[in-house]
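To start, the structure itself, in structure tokens.
In this text the structure is predicted, and so the values were computed from the model without any measurement. Residue numbers start at 1 and run along the sequence shown.
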Amino acid sequence: MRPAGAASAPNPPRTPRDTGAADRLDTLGAANADPDPAWVDAAWAAALCAVDAPGLGGVVVRAAAGPVRDLWTQQLRSLLPSGEPLRRMPARIADERLLGGLDLTATLQLGRPVAQRGLLAESHGGIVLVPMAERLPVGTAARLASALDQGEVGFERDGSSQRWPCRIGVVAFDEGTAEDAPLPGALSDRLAFHVNLSQLSLRQCGDAAASAEEIAAARRRWPAVTLGDEMTQALCGIALRLGVASLRASVLALRAACAIAALGGHDEVQEDDALMAARLVLAPRATLLPPSDSPEPAPEEPPPPAPPPDDNEEPGRDKSRDEETRALEDRLVAATLASLPAGLLASLPGGERARAPGRVGALSASPRFGRPVGSRPGEPRGGARLDLIDTLRAAAPWQKLRRATAKHQHQHQHQYQHASIHVQADDLRVSRLQQRAGTATIFVIDASGSSALHRLAEAKGAVNLLLADCYVRRDQVAVVSFRGRSAEVLLPPTRSLVRAKRSLAALPGGGGTPLAAGLETACRLAEQVRRSGASPVIVLLTDGRANIARDGEPGRAHAEADALLAARQLRALRLTALVVDTSPQPAAAALRLAREMDAMYRALPHAGAAELSAVVQALPRQAG
């Protein structure tokens, strides 16, 4: 086995199934003697996953479906010992198929509960491939994470309980773009390696990092590999200095270092092994770049008192050991930073891409429309749909008893007609449906004299960009303005971008600032949107300086009190809101208004139109 960073090993022996397209992939992949560093990392991740998949969790592979991903998957398959499963998880898999449940056919035939294993239990000892992992429902990602933590799966329902061993690895293929939501954090945090193949072509790929024989030898050697205290402290120090907050990442890095040492034929983790573990596990999770020549900041808490020195120990030995550990950590940090690709350095801080809101609002229950998300006991009335499979599943365990009871009740009859299935009212299940509510963004614009004097034109420019983003997401938009002594709805909720821009262009400026009237109008419009089933989002652009009260009379003190009262009413409705301060300098009035509304605050002088657009997109959507 070569040390980290050395040239890759030859291709493993070809199995009989690697023919046709696989041959072409091997030929193109092996043609490059100097593969891209991203491919080298991915090849090492595949090899280490083959050594200790349950302990390392698995790999997050950022790549769309294509020949590069197929080549990587083929190399991973060739490294696994014969007989270890490599199963693909279907999209939108049901919980019964994932975790296990009742075998409905056998249960109905035998009249007693018969359990069947799910996909995770069937993959025990192997690896599960998860395509389009960025679209995994939160519940499915949580179940995968639970299986990785516990090493077993099972179910307890319908009068049955069953557990199966489930020591698996997971390969999550992230096929999303920069605008898509990232992989659920509950799952990605448990997968040791994060590799990116999205920008590679076959000419930039290479061979596998190890052969099947080396993997088998490493598996035998791995349990005996030792990890010294100095190396443990150094890896944990790297995680701290790179801003890796998760303790699980440090544990995975230590385990990966042992697997790398086993692949290299070492009985103890060496410095090169720790460096490769830091590069593969910690570097993709980095959120900050510490200067390599600056001293580490002092800890907030004083260190624990040192134990009394041993009589046989030489004086100064503990101090020299700490200095050696610190020097080792510095070397590993410097080597890790030097080995990072330029694209990753440019992305720090930030790590993962921001979660995009998508084109729709929050999830809400619906009796007639939407996607099935389970079932509940009940009768199919009021438009509810009967869930036949769950109804049969609820009735299946009781068939033997019900048949005997029915036969006993009809003993006086000469001919007893045997019913195939006995279903009672308690067995009925109706489908639970869930649909996403649309989002309506309500722009509340201060067109008073003070705002027009300051930055009304710039506020209009920012709103124009936000309107375009709403149109792309197919959100509804509405425009409310307040000036003089009242507020008005310039544009009811609509998806017409032309109408929205036309109403905004015709917005005049001048007059007093009836802030309370504007907030009350926005509140009424938001309630109408919510009753229609959509999720309202309020974007208020104002300097916060009210001078017209709710009754239309001038007076700054009375007007500000009314505005704060209207802001508390908006807060009581639990509306998602953003206050954009349009003052030349950030004003205390607008900040106080945002706090009373429980809204996010942004100052327009420090937030351009593009940043405001990103902030509005990131606002959480409440259920309608």
Side-chain angles (χ1 to χ4, degrees), residues 3-5 41 44-45 48 51-52 55-57 189-194 221-310 312-340 348-349 351:
D41 291 348
W44 272 91
L48 296 175
V51 173
D52 183 24
L56 295 171
D189 190 42
R190 288 167 171 80
L191 306 184
F193 309 111
H194 294 190
R221 187 182 299 111
W222 178 84
V225 175
T226 59
L227 182 65
D229 294 340
E230 295 82 0
M231 208 64 67
T232 301
Q233 295 178 17
L235 281 173
C236 293
I238 291 176
L240 180 64
R241 295 171 68 176
L242 291 179
V244 180
S246 174
L247 295 178
R248 187 177 285 109
S250 299
V251 175
L252 292 175
L254 297 175
R255 198 170 183 105
C258 295
I260 295 170
L263 269 175
H266 306 149
D267 295 329
E268 185 177 2
V269 175
Q270 307 294 322
E271 185 172 336
D272 287 342
D273 304 329
L275 171 60
M276 178 58 73
R279 172 187 173 91
L280 295 178
V281 180
L282 300 179
R285 293 173 163 86
T287 60
L288 55 88
L289 266 176
S292 58
D293 55 348
S294 63
E296 187 176 358
E300 297 180 0
E301 298 181 358
D310 192 354
N312 299 326
E313 189 174 5
E314 299 178 2
R317 185 174 178 181
D318 291 338
K319 183 177 181 180
S320 63
R321 182 178 302 173
D322 292 341
E323 293 177 352
E324 292 177 359
T325 302
R326 174 66 181 183
L328 173 62
E329 180 184 329
D330 290 339
R331 292 198 303 272
L332 291 179
V333 168
T336 302
L337 296 178
S339 64
L340 294 182
L348 297 178

Between F193 and D41, is a side chain to side chain contact (heavy atoms under 4.5 Å, CB included) present by the stated rule, with each step listed? CA-CA 9 Å; F193 309 111; D41 291 348; over 6 Å; no

Closest approach of [X] to [Y] (non-hydrogen atoms, all atoms of both residues):
X	Y	answer
S250	A239	OG-CB, 3.4 Å
V281	A256	CG2-CB, 3.9 Å
A257	A274	CB-CA, 4.4 Å
A278	I238	CB-CD1, 4.1 Å
V225	V269	CG1-CG2, 4.0 Å

For residues 245-269, which residue pairs pass the salt bridge (Lys or Arg N to Asp or Glu O under 4.0 Å) check, not counting sequence neighbours?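 Only D52-R255, D189-R248 qualify under salt bridge (Lys or Arg N to Asp or Glu O under 4.0 Å).
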
In Å and rounded to the nearest 0.5 Å, what is the [atom1] to [atom2] distance from [X] to [Y]?
X	Y	atom1	atom2	value
L252	R285	CG	CZ	6.0 Å
L254	L235	CG	CG	5.5 Å
L247	C236	CG	SG	8.5 Å

Which is it for L263 and M276 under the side chain to side chain contact (heavy atoms under 4.5 Å, CB included) test, yes or no, and what are the steps along the way? CA-CA 12 Å; L263 269 175; M276 178 58 73; over 6 Å; no

